[in-house]
**Student:** 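Could you have a look at this structure, given as structure tokens, before my questions?
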Protein chains: 2
Amino acid sequence: MSDLLERLRGRGWRLTAQRRVIAEVLDGEHVHYTADEVHALAVARLPEISRASVYNTLGELVALGEVLEVTTEGGRAKRYDPNAHRPHQHLVCSGCGTMRDVHLVTDPMGALPEGERFGFTVSGVTVTYYGRCPECGSRA
Amino acid sequence: MSDLLERLRGRGWRLTAQRRVIAEVLDGEHVHYTADEVHALAVARLPEISRASVYNTLGELVALGEVLEVTTEGGRAKRYDPNAHRPHQHLVCSGCGTMRDVHLVTDPMGALPEGERFGFTVSGVTVTYYGRCPECGSRA
DNA sequence: ATCCTATATTGGACATCATCTAAGTCAAGA
DNA sequence: TCTTGACTTAGATGATGTCCAATATAGGAT
């Protein structure tokens, strides 16, 4: 993620303590925090950071294509996925909301026949799998 | 949709004017209203119906498996899809939010290899295509 | 090293979507 | 027709996200 900060600086992004802390929080594999979770983790490193800055910065990272915004059925809050580099999809636990990145063996775009496009110019597709993670098992 | 009311009555569902009106609003092809849209359309037929009843009834219909709750990236409010009978996916216009039901030529479940399941018991999958509808064209 | 200014941050108000509550109302079986 | 448990209601409350005016600051210019 440190290269992320480098890249952004190259784009004229002003590097502030708040933005650096948020980028640090987003560093890692299978990271899919909500804005509030990012804020809580950022506060642990920089107590005076505001919620507005977290929303602002996440929004900018999304606009810059460095972070993906992810919405799931049932889940109320959006989640933020720093793995914007390689295309992937998600597997979500309907018990605890845990999310894993998954990679498909076929391109889902190919599953939509021409006759089902209703004149749309189709530009993207998201695939989300739902199930129970090992911890949640078959409990309700 | 009248058979829906029959089915629900068979399940001990108490048939009230509010519920009947909501079921009527949800009748049709490619219907994907938000709760507020359902409320507005229901008010046109039954002026004193409350928002709470709309939320209650939609929640019950979802729990009974008669209506699907649909969330899309960017779209803030959940939408409700009465086409719960035949499996399908969605195509969403990123301009106006219009949504069409689409049917895929391959089962998306097959695209997730065993090695990408992380011990989850996978039970479902949603696929959502994004693009521009003919009315919105390529305008921003 | 210091200054300058465009840009970023902040707290709190506001907006939207959804849920909850307690009191009143009603569908439908006895 | 009566009774009752389920349904509806208005409005409060909660969760999430956006906006704003005032203040602070990064980083280039001096």
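Per chain, numbering begins at 1; letters A, B, ... match sequence-line order. The shown structure was predicted, so the numbers you read here are calculated from the model rather than taken from an experiment. Excluded from the calculations below are hydrogen atoms, water molecules and symmetry mates; all remaining heavy atoms, backbone and side chain alike, are included.
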**Student:** Does B/Q18 put a side-chain nitrogen or oxygen below 4.0 Å from OP1 or OP2 of C/dC26?
**Tutor:**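 Checking B/Q18 against C/dC26: no side-chain N or O falls below 4.0 Å of OP1 or OP2.
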**Student:** Considering only NZ, NE, NH1 and NH2 on the basic side and carboxylate oxygens on the acidic side, decide whether B/E116 and A/R100 come within less than 4.0 Å.
**Tutor:**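 Result for this pair is no, no salt bridge flagged.
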**Student:** Using a 4.5 Å cut-off on heavy atoms from C-beta on, say whether the side chain of A/H88 contacts that of A/L68.
**Tutor:**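 Yes; the side chains approach each other to less than 4.5 Å.
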**Student:** On DNA chain C, check which nucleotide each of B/A17 and B/R76 is closest to and give me the residue with the more 5' one.
**Tutor:**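 Nearer the 5' end of the strand: B/R76.
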**Student:** Mark yes or no for whether B/S53, through its side chain, and B/I49, through its backbone, hold a donor-acceptor pair below 3.5 Å.
**Tutor:**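 No.
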**Student:** Got a salt bridge between B/R11 and B/E60, using NZ or NE/NH1/NH2 to carboxylate O under 4.0 Å?
**Tutor:**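 Judged by the 4.0 Å cut-off on N to carboxylate O distance, B/R11 and B/E60 do not form a salt bridge.
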**Student:** Which nucleotide in the set C/dA28, C/dA18, C/dT10 lies at the smallest distance from any side-chain heavy atom of B/R9?
**Tutor:**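 Shortest atom-to-atom distance from the side chain points to C/dA28.
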**Student:** Using the side-chain contact (heavy atoms from CB on, under 4.5 Å) rule, pick out the option among A/T72, A/L91, A/V31, A/D81 that qualifies with A/M99.
**Tutor:**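 Among A/T72, A/L91, A/V31, A/D81, the one that satisfies the side-chain contact (heavy atoms from CB on, under 4.5 Å) with A/M99 is A/T72.
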**Student:** Base, sugar-phosphate alone, or nothing: which one does B/R14 contact when heavy atoms must sit under 4.0 Å apart?
**Tutor:**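 Touches a base.
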**Student:** Quick one: does any side-chain atom of B/E73 pair with a main-chain N or O of A/T71 as donor and acceptor, under 3.5 Å?
**Tutor:**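 Yes: the side chain of B/E73 pairs with the backbone of A/T71.
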**Student:** Please report the distance, rounded to the nearest Å, between CG in B/N56 and P in C/dT21.
**Tutor:**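 After rounding, the gap between these two atoms is 12 Å.
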**Student:** Quick one: B/Y33 OH to C/dA18 P, roughly how many Å, whole number?
**Tutor:**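 Spelled out: OH on B/Y33 to P on C/dA18 is 17 Å.
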**Student:** Nearest-nucleotide wise, let me know which of A/T57 and B/K78 is further upstream toward the 5' end of DNA chain C.
**Tutor:**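 The 5'-side residue here is A/T57.
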**Student:** Decide yes or no on ring pair (Phe, Tyr, Trp, His ring centres under 6.0 Å) for A/H90 and A/Y130, but give the supporting numbers first.
**Tutor:** CA-CA 9 Å; A/H90 293 111; A/Y130 295 90; over 10 Å; no
**Student:** So, do A/L104 and A/V127 sit near enough that their side-chain heavy atoms are less than 4.5 Å apart?
**Tutor:**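 Side-chain contact under 4.5 Å: yes.
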**Student:** Contacts to DNA chain C from residues 39-52 of chain A, heavy-atom cutoff under 4.0 Å, which residues?
**Tutor:**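 Heavy-atom cutoff 4.0 Å gives A/E48, A/I49, A/S50, A/A52.
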**Student:** Hey, where on DNA chain D does chain B first and last touch, going 5' to 3'? Cut-off is any atom under 4.0 Å from a heavy atom.
**Tutor:**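 That gives a stretch of D/dG5 to D/dA10.
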**Student:** Could you check how far CG of B/L58 sits from P of C/dA18, rounded to whole Å?
**Tutor:**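 Computing the B/L58:CG to C/dA18:P distance gives 10 Å.
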**Student:** Between atom OH in B/Y55 and atom P in C/dT19, what is the gap in whole Å?
**Tutor:**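 Checked: the OH to P distance equals 7 Å.
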**Student:** Write down the distance between CD (B/E60) and P (C/dT19), rounded to a whole number of angstrom.
**Tutor:**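 Distance, rounded to whole Å: 12 Å.
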**Student:** Would you indicate, yes or no, if C/dT9 has its OP1 or OP2 atom less than 4.0 angstrom from a side-chain nitrogen or oxygen of A/T16?
**Tutor:**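 Yes, because at least one side-chain N or O of A/T16 sits under 4.0 Å from OP1 or OP2 of C/dT9.
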**Student:** Any salt bridge (Lys or Arg N to Asp or Glu O under 4.0 Å) pairs touching residues 33-57 of chain B, not counting sequence neighbours?
**Tutor:**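 Passing the test, one end in residues 33-57 of chain B: B/E24-B/R45, B/D36-B/R51, B/E37-B/R79.
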